[in-house]
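Below: one structure, written as structure tokens.
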Amino acid sequence: MTYPTYHNLIGGEWLPAASGKTILNVNPADHDDIVGSFPASDAEDVNRAVAAAKKAFATWRLVPAPKRAEILLRAGILLQQRKEQFARDMTREMGKVLAETRGDVQEAIDEAFYVAGEGRRLFGQTTPSELQNKFAMSIRMPVGVVGLITPWNFPMAIPSWKLFPALVSGNTCVIKPATDTPISVYNLVQTLVDAGLPAGVVNIVSGSGSGAGSALVEHPDVRAISFTGSSEVGSHVAQRAAATFKPVSLEMGGKNAQIVLDDANLELALDGALWGSFGTTGQRCTATSRILLQKGIAAKFTKEFVARAKALKIGNGLDESVQVGPQVNKSQIETSAKYVDIASTDGGKILCGGHALTNGDHSKGTFFEPTVVGGVTHTMRIAREEVFGPVVSLLEFDTFEQAIEIANSIDYGLSTALYTKDVNRAFTAIRDLEAGITYINAPTIGAEVHLPFGGVKHTGNGHREGNGAIDFFTTWKAVYVDYSDKLQRAQIDNAE
Ligand code: UN1
């Protein structure tokens with residue numbers, strides 16, 4: 001089979017890995033379909049990319065921010081034109097269904113238009129000085145060369161959450177896409193280049209975390225790292241980055257709860273739970289992985305939910321009638337299977353699914369059945385650990401207060417949802433749920449780009465993407481301008 005060969009982008013040139021090594025990008029719905037070959041980069045490639053980014057920073061930081069933003073605006077318009085093709089490429093490389101990959105490209109378009117507006121803001125502050133004839137202000141400065149390490153589940157949206165705010169702020173970037181999904185980053189960066197981005201401002205080094213990711217995190221000329229991935233790898237990234245005092249923005253795992261109270265609109269809660277649990281084949285950090293049911297509706301909800309999960313059509317995401325695509329690779333279906341075993345051993349009941357699909361059309365890919373585990377209690381591992389697959393647990397509770405307690409009883413804190421018609425309980429939940437995102441009468445997935453995105457506890461380290469990303473990609477400079485023509489000593493000359 002013939003397939004295209006892609007290279008790294010370094011200083012405006014498309015180059016193979018210095019070692020000549022490559023990695024194949026394979027369609028998880030059909031292993032005969034090879035999307036392309038990509039460089040397996042290592043420290044040597046990272047060094048070159050960082051040097052190119054450092055060189056480009058000298059001029060990019062001086063381009064006025066509104067001009068930098070115009071490139072993002074043009075890129076957004078080009079992405080609109082290329083949306084269908086990029087969505088198809090994305091479905092081929094990571095499996096999620098076309099409706100969702102179109103949504104992923106749309107999220108990058110939204111981000112481009114949102115961040116382009118920031119070019120004419122990047123607001124600082126002015127404040128009075130304590131001394132006469134002295135002016136005081138704080139201004140945002142770019143950080144320098146930033147390293148971006150991005151995941152496979154939102155292969156264009158999440159890179160755009162990082163690249164666009166970094167660029168409008170005047171930074172230059174080296175991005176390492178996930179090993180499974182480089183083509184979406186190539187498509188995104190090629191679009192930026194076509195929109196007028198100068199050479200060296202964004203550089204791509206594709207490859208593995210151990211080959212290219214670590215070198216980026218440890219490079220002394222990289223001034224900040226933005227990472228999305230698992231909490232395990234995130235902890236590693238933070239520890240390694242600490243050696244060179246790099247700020248690190250970490251966006252990591254979730255174990256997101258949807259709570260359904262007895263008074264909820266049950267149809268709505270079922271729709272939300274099905275979409276939240278099995279959208280993107282459960283492979284979102286915002287995916288619903290625990291459904292907390294109040295006793296009065298639990299039996300009815302469970303019966304109906306299992307029936308709907310069983311009816312989902314699983315297959316190649318390029319087929320518009322398919323509702324759930326494959327998992328991204330073999331190791332992910334092994335994790336799903338492992339957690340089904342753990343759940344059963346701990347006393348959970350597999351109400352549907354539980355297996356990889358290996359027959360007929362499914363035999364060429366990495367498919368796993370939508371799986372519902374009943375009879376789960378909050379101490380079981382299946383209720384506490386992230387699966388990142390189409391496996392959801394049902395837990396029951398008596399009172400609203402218990403539901404909040406169960407929802408909060410885990411290490412993660414990304415997204416939460418409450419279904420109720422009781423406004424008092426809704427606002428109490430907004431106050432008490434330990435999570436970066438809370439939805440009322442909507443599923444745990446579906447964040448919009450212009451709100452803060454991120455979580456608490458083991459989900460993040462305090463930074464936010466979306467509304468908040470500029471804070472990470474800029475550093476404050478305090479500026480004092482003394483126009484008194486004399487030495488004025490702060491804290492001394494103006495003292496009583
Ligand atoms: C992720 O799961 O890693 O809110 C990101 C959502 C999407 C982004 C998910 N807009 O589900």
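The model shown is predicted, which means the values in this text are computed figures rather than measured ones. Counting starts at 1 for both ligands and their atoms, following the listed order.
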(request) Name the orientation class of the two ring planes belonging to F472 and H463 (parallel below 30°, tilted from 30 to 60°, perpendicular beyond 60°). (result) perpendicular
List ligand 1's nitrogen or oxygen atoms that come under 3.5 Å of a protein nitrogen or oxygen, with the partner atom and distance.
unit_1	atom_1	unit_2	atom_2	d
ligand 1	2 (O)	C285	N	2.7
ligand 1	3 (O)	N153	ND2	3.2
ligand 1	4 (O)	G446	N	3.1
ligand 1	4 (O)	A447	N	2.6
ligand 1	10 (N)	E107	OE1	3.2
ligand 1	10 (N)	E107	OE2	3.1
ligand 1	10 (N)	A447	O	3.2
ligand 1	11 (O)	R284	NH1	2.7
ligand 1	11 (O)	T286	OG1	2.8
ligand 1	11 (O)	G446	N	3.1

(request) May I ask you to decide whether D33 forms a salt bridge with R92, counting only side-chain N to carboxylate O separations under 4.0 Å? (result) yes
(message) Can you confirm if the NZ or CZ of R308 lies within 45° of the ring axis of W275 and under 6.0 Å from the centre of its six-membered ring?
(response) no
(request) Please answer whether the main-chain N or O of G253 pairs with a side-chain N or O of T459 as donor and acceptor at a distance below 3.5 Å. (result) yes
(message) List the residues meeting side-chain hydrogen bond (donor to acceptor under 3.5 Å, both in side chains) with S231, not counting sequence neighbours, and say none if there are none.
(response) none
(request) Output yes when a side-chain donor or acceptor of R384 lies under 3.5 Å from a complementary backbone atom of H378, and no otherwise. (result) yes
